[in-house]
Amino acid sequence: MPCRSERLGGKELVYYSDNEIVIRDMQEKDAQIITEEEIAQGWNAVIDKYLMRLKDQAEGRAVSLVAEYKGNVAGYINIYPDAKSGSFANRGYPEIVDFGVLEKYRKHGIGSKLMDVAERIASSYSQVVYLGVGLHSGYGSAQRMYVRRGYVPDGTGVWYRDQVCGQNEPCCNDDDLVLYLSKRLISGPLVDFHRTDGKDEDFIENCRLLDMDLDRRVGKKIKRDKYKKYNRLDEIQEAIVVYADNKVIGGGAIRRYDDVNMELKRVFVHAEYQGRGIGSRLVSLLMDWAAELGYKRMILETGELLAESCAVYRKLGFEIIPNYGPYTDMPESLCMAKDLRSR
């Protein structure tokens, strides 16, 4: 399921359609309609929120959907595949936000269909999806729906204004007081992506296993000792460790190369977990992190002998470039790059 909304021949992208309900990508005209309808039902709605969702969708950070009921805009929902806020922030879990059905169109199954599509999209990115729900009575129907759909509290308690609200701390039961809930979408070991740095013991151990794997696969054909000085972990400030049911199964990192380029380093997924899309997801999250930090391009060094790795990078849009920096005079090296602004 694409994150960036794509249109064929100028037509909108439709995710679901029956005789009454259509779920499609949000358009700019929808923002004004939704705002006016919510004001008419007594809400303090502003168009800026919906324009922000449209901007995020255009830049590939969100999937923003609208539901039509008998040709009328009736509801909306947004999915952020790599959420940056809430109790599961920066762990590779999608978040569902700004979910609503206009009052005059409720009790027609629109909310359930929006959630069905949102969860289907989320499942293409992760085994788990999460959301925050308000605690006052205005969210009562949403609370009941989430429980029926299998969402459970995350265990961190209530959050207020994007922070955990500690015991006996003051708060107000307004829209900023929320409880985060999550749902397991796909069975099997729960895969979790954890941001850390090069000093993390689990990351260090994963790098040791990577070196053992490389020695086994290519050590007889190339002299790997000359690469060691370019893989120092104490220079790595941004790393991700991948866990499956709390067991380390992989990891990777990024390291500043210059003001424009961030270098991808030390990517490795254990053999028994390869072929499940975990490596692609890991590299995508590392690219997201580099873009967050303001870098314009991701570069990497691999080798033609590592065919599986090369295939993953090509699938993600990396292209072969002339060998750079320390790899210029290493013919066994293969260097690649991807423009982060085109994601």
Side-chain angles (χ1 to χ4, degrees), residues 1-86 94-126 129-134 138-139 141-142 145 149 175 284 288 291 317 340-343:
M1 192 72 64
C3 178
R4 191 183 301 277
S5 179
E6 298 175 349
R7 296 173 182 79
L8 301 177
K11 295 182 178 180
E12 61 204 13
L13 188 63
V14 175
Y15 291 82
Y16 173 84
S17 178
D18 62 26
N19 291 333
E20 296 183 326
I21 301 172
V22 173
I23 310 294
R24 58 169 174 80
D25 58 337
M26 184 181 287
Q27 309 286 318
E28 188 169 352
K29 62 184 180 181
D30 300 321
Q32 187 65 46
I33 294 172
I34 294 169
T35 303
E36 291 176 356
E37 290 284 356
E38 290 186 333
I39 291 173
Q41 65 188 28
W43 291 16
N44 185 27
V46 292
I47 196 172
D48 292 357
K49 179 175 71 171
Y50 304 107
L51 294 177
M52 179 185 69
R53 302 302 179 199
L54 286 166
K55 181 176 182 291
D56 288 345
Q57 175 167 249
E59 295 176 353
R61 292 194 295 270
V63 181
S64 297
L65 307 178
V66 157
E68 290 183 1
Y69 180 71
K70 296 182 178 180
N72 299 304
V73 173
Y76 51 88
I77 199 166
N78 302 270
I79 308 96
Y80 282 75
D82 184 21
K84 306 300 181 187
S85 61
E95 181 183 13
I96 293 174
V97 300
D98 277 350
F99 165 43
V101 177
L102 299 174
E103 291 177 353
K104 63 183 179 182
Y105 296 115
R106 292 178 182 174
K107 299 185 179 179
H108 293 291
I110 298 167
S112 293
K113 291 300 183 185
L114 279 167
M115 286 295 296
D116 288 345
V117 173
E119 289 177 1
R120 191 174 78 236
I121 292 171
S123 70
S124 69
Y125 294 96
S126 174
V129 65
Y130 76 102
L131 51 81
V133 62
Y139 291 96
S141 60
M145 170 188 279
R149 295 185 69 94
D175 288 347
S284 293
D288 287 344
L340 298 175
R341 296 167 294 184
S342 64
R343 301 188 65 227

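Predicted model only: the values in this text are computed from it and were never measured. These values consider heavy atoms only, across backbone and side chains, with no hydrogens, waters or symmetry-generated copies.
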Sorted by chain and number, sequence neighbours left out, salt bridge (Lys or Arg N to Asp or Glu O under 4.0 Å) with Arg149 holds for Asp116, Glu119

Mind checking whether Val66 and Gln27 have side chains closer than 4.5 Å, heavy atoms only? no

Residue set satisfying side-chain contact (heavy atoms from CB on, under 4.5 Å) with Ile21, at least two apart, ordered chain then number -> Tyr16, Asp18, Ile23, Tyr69, Ile110, Lys113

Sorted by chain and number, sequence neighbours left out, side chain to side chain donor-acceptor pair (under 3.5 Å) with Lys70 holds for none

Lys84 meets the salt bridge (Lys or Arg N to Asp or Glu O under 4.0 Å) criterion, sequence neighbours left out, with Asp82, Glu292

Contacts of Ser126 meeting side chain to side chain donor-acceptor pair (under 3.5 Å) (sequence neighbours excluded), chain-then-number -> none

Contacts of Ile39 meeting side-chain contact (heavy atoms from CB on, under 4.5 Å) (sequence neighbours excluded), chain-then-number -> Thr35, Ala45

Residues passing the side-chain contact (heavy atoms from CB on, under 4.5 Å) test with Ser17, sequence neighbours excluded, are Val14, Val22

Applying side-chain contact (heavy atoms from CB on, under 4.5 Å) to Glu36 and not counting sequence neighbours gives Gln32

In short, salt bridge (charged side-chain N to carboxylate O under 4.0 Å, His left out) pairs touching residues 96-110 with sequence neighbours left out are Glu37-Lys104, Lys49-Asp98, Arg53-Asp98

Hits for ring pair (Phe, Tyr, Trp, His ring centres under 6.0 Å) against Phe99, two or more places apart or cross-chain, chain-then-number order -> none

Residues at least two apart in sequence or cross-chain that pass ring pair (Phe, Tyr, Trp, His ring centres under 6.0 Å) with Tyr50, listed by chain then number, are Tyr76

Residues passing the salt bridge (Lys or Arg N to Asp or Glu O under 4.0 Å) test with Asp175, sequence neighbours excluded, are none

